[in-house]
Amino acid sequence: MASSYPLTGFTMRSHRGQMRLTVILAIAVVLIPVLLGVGCVNDDDNMDLPDPPADPSRGKILSRTVLTQTTGGKIAVRQVLIWIPELKDWYVTTTSQTFNPARTPEPGLAAGAQAATTSGPHASAAGQGRQFQSLALFTGGIAGRGTFASNTALLYDHEAEEWTALSLLDARVGHTMTTLADGRILIVGGWNGDTAQSDFAHTSAELFDPSTRSFRFTGPLAVGRTGHAAVRLPDGRILVTGGEPNNSGGDGTSAELYDPDTGSFKSTTPMVVARVHHHAVPLVDGRILVVGSNGTRVAEVFDPATEAFTPVGETAGFHGYGATATPLLDGRVLIIGGLDNDGVFTDIVEIFDPATNTFAALTALPEGRGNHSAVLNPTDGTVLICGGYTPNGATLDSCLLFDPVANTFQVTTNMPQVNAEFIGVFVERAE
């Protein structure tokens with residue numbers, strides 16, 4: 001059955017249908033922004049924003065950033081933007097080099113790349129077997145027009161503000177990256193870029209070790225998959241759900257578990273609903289909320305103790321491709337936008353409460369939004385929502401702040417450029 005994915009700037013075709021996938025990469029580093037890319041950004045732009053103030057309570061600067069990447073074949077690592085929550089404003093820290101991977105052998109961050117950090121959004125010092133400084137790893141994607149899946153990897157050291165070029169063992173787009181309890185990063189599946197192969201989705205997985213800054217194969221998956229979700233369980237295992245499978249097996253409901261002690265995957269109970277481009281979010285009680293995907297409002301939870309999925313009601317609206325699902329500090333999950341059942345980015349916002357297993361709709365956004373960034377500030381619990389696309393396809397530079405106490409949004413300072421299709425990971429640095 002053919003499937004289509006909304007994207008801008010680049011189109012991939014396979015015998016399974018048309019996949020359109022352009023991604024602007026975002027990292028929220030306890031709110032850390034780095035801007036990657038051209039396309040929406042003019043190479044001649046010079047932003048003159050103020051230096052951040054020292055945090056008077058600490059006598060030092062607490063950097064909180066978001067890494068972003070714009071669309072197009074030319075890839076750039078241009079500026080590091082720091083978002084200052086106290087000022088609700090941005091400033092530029094550094095400018096790096098520009099790559100054109102379609103024409104040069106130099107590495108660049110590709111559209112559709114993924115990212116994770118060595119600390120991870122759910123890692124804690126007590127739960128990590130090894131400690132690493134905060135590093136952000138970007139991998140794969142489409143390396144330029146006509147180049148298809150990339151094996152590029154770039155490592156960002158936030159303490160040193162330095163980039164290191166690395167290489168994945170397999171080229172990937174549509175893969176996942178999940179931080180293990182010990183700080184290593186598990187990279188799973190994705191499309192291999194070969195439209196002639198029936199097994200277009202990888203069964204391969206690899207591990208990034210920050211201590212050696214190297215990759216090695218692990219696994220493999222029981223079923224090749226791309227556009228899936230992956231999340232770490234309280235016991236350290238990784239749950240991998242859904243996605244578009246190969247012709248050779250899988251139906252989009254399949255799930256499997258990765259054991260970091262043995263380096264192996266095993267199939268587990270399938271989901272209730274087939275999903276692709278969905279979200280798997282850890283809950284405070286140890287369960288996993290699985291929500292989203294085009295064409296369904298059904299949500300379900302995974303219980304690690306029984307390894308079973310159970311329906312948990314329906315969302316108020318459809319939250320398909322381009323939606324975000326962000327765990328809040330109080331245990332609830334904030335779900336914003338994404339495609340509705342008519343293929344239009346919705347303005348619907350709702351919250352899942354794990355205490356009651358219910359969804360509650362909040363006041364709608366000023367306009368529909370999808371492929372935006374939603375990043376949690378672990379200091380005060382607010383969520384910064386930036387960029388994305390409107391229902392008519394315009395790219396946004398506007399930002400909103402979500403207040404989890406009042407359950408309301410406030411307009412805040414725009415990003416310096418329009419951007420869309422963000423992914424959030426977290427890194428912190430004190431200067």
Side-chain angles (χ1 to χ4, degrees), residues 5-9 20-29 31-37 39-41 64-71 81 83 88 90 111-115 121 229 277-279 281 291-294 315 317-328 333-340 343-351 362-377 382-404 408-426:
Y5 302 81
L7 294 194
T8 53
R20 302 183 73 198
L21 182 306
T22 324
V23 176
I24 304 180
L25 202 341
I27 289 188
V29 196
L31 288 172
I32 278 194
V34 170
L35 194 69
L36 300 153
C40 296
V41 180
R64 299 181 172 99
T65 10
V66 176
L67 296 176
T68 67
Q69 177 185 323
T70 58
T71 60
L81 301 183
W83 167 258
K88 295 182 174 60
W90 309 83
Q114 301 293 315
H277 298 303
H278 55 291
H279 299 276
V281 183
V291 64
S293 188
N294 292 354
T315 55
F318 291 95
H319 298 281
Y321 180 85
T324 54
T326 308
L328 303 177
V333 179
L334 176 67
I335 305 164
I336 300 174
L339 288 181
D340 65 16
V344 177
F345 289 126
T346 181
D347 59 2
I348 294 176
V349 179
E350 49 195 304
I351 282 187
L362 303 182
T363 302
L365 296 173
E367 59 184 331
R369 192 179 288 240
N371 299 112
H372 51 280
S373 171
V375 295
L376 176 71
N377 182 341
T382 59
V383 179
L384 177 67
I385 297 96
C386 282
Y389 299 119
T390 66
N392 65 9
T395 306
L396 295 165
D397 61 1
S398 61
C399 295
L400 303 169
L401 269 179
F402 176 74
D403 181 342
T408 57
F409 293 88
Q410 292 181 339
V411 175
T412 190
T413 311
N414 289 353
M415 297 188 73
Q417 295 91 14
V418 294
N419 281 290
E421 298 183 64
F422 291 84
I423 304 167
V425 293
F426 302 88

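In this chain, residues are counted from 1 in sequence order. Scope of the values below: all heavy atoms of this structure, side chains included, with no hydrogens, waters or symmetry mates.
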Counterpart residues, side chain to side chain contact (heavy atoms under 4.5 Å, CB included), relative to Ala364 (two or more places apart): Asp347
Sidechain-backbone polar pair: Thr412 side chain, Cys399 backbone, donor-acceptor under 3.5 Å: no
Taking every non-hydrogen atom, the tightest pair across Asn414 and Ser398: OD1-CA, 3.3 Å
Listed partners of Phe318 passing ring pair (Phe, Tyr, Trp, His ring centres under 6.0 Å), at least two apart: none
Gly322 backbone acceptor or donor facing Arg369 side chain under 3.5 Å: no
side-chain hydrogen bond (donor to acceptor under 3.5 Å, both in side chains) partners for His279, two or more places apart: none
Residue pair Leu401 / Leu384, side-chain heavy-atom distance below 4.5 Å: yes
Which residues share a side-chain hydrogen bond (donor to acceptor under 3.5 Å, both in side chains) with Thr390, sequence neighbours left out: Asn392
Least distance between heavy atoms, Thr324 atom then Ala374 atom: OG1-CB, 3.6 Å
Minimum-distance pair of heavy atoms, taken over all atoms of Pro366 and Leu400: CD-CD1, 4.3 Å
side-chain hydrogen bond (donor to acceptor under 3.5 Å, both in side chains) against Thr315, all qualifying residues, sequence neighbours excluded: none
Reported CG-to-CG distance for the pair Leu376 and Leu334, which is rounded to 0.5 angstrom: 10.0 Å
Thr413 side, atom OG1; Asp397 side, atom CG - distance, nearest 0.5 Å: 11.0 Å
Parallel, tilted or perpendicular: ring planes of Phe345 versus Tyr389, cut at 30 and 60 degrees: parallel
Those residues that, when tested against Thr346, pass side chain to side chain contact (heavy atoms under 4.5 Å, CB included) (two or more places apart): His319, Asp340, Ile348
Ala323 to Gly337 - nearest heavy-atom pair and separation: CB-O, 3.2 Å
Between CG on residue Leu362 and CZ on residue Phe409, distance to nearest 0.5 Å: 6.5 Å
Spacing of Leu365 atom CG and Ile336 atom CD1 [to the nearest 0.5 Å]: 6.5 Å
Any side-chain heavy-atom pair of Val349 and Phe402 under 4.5 Å: no
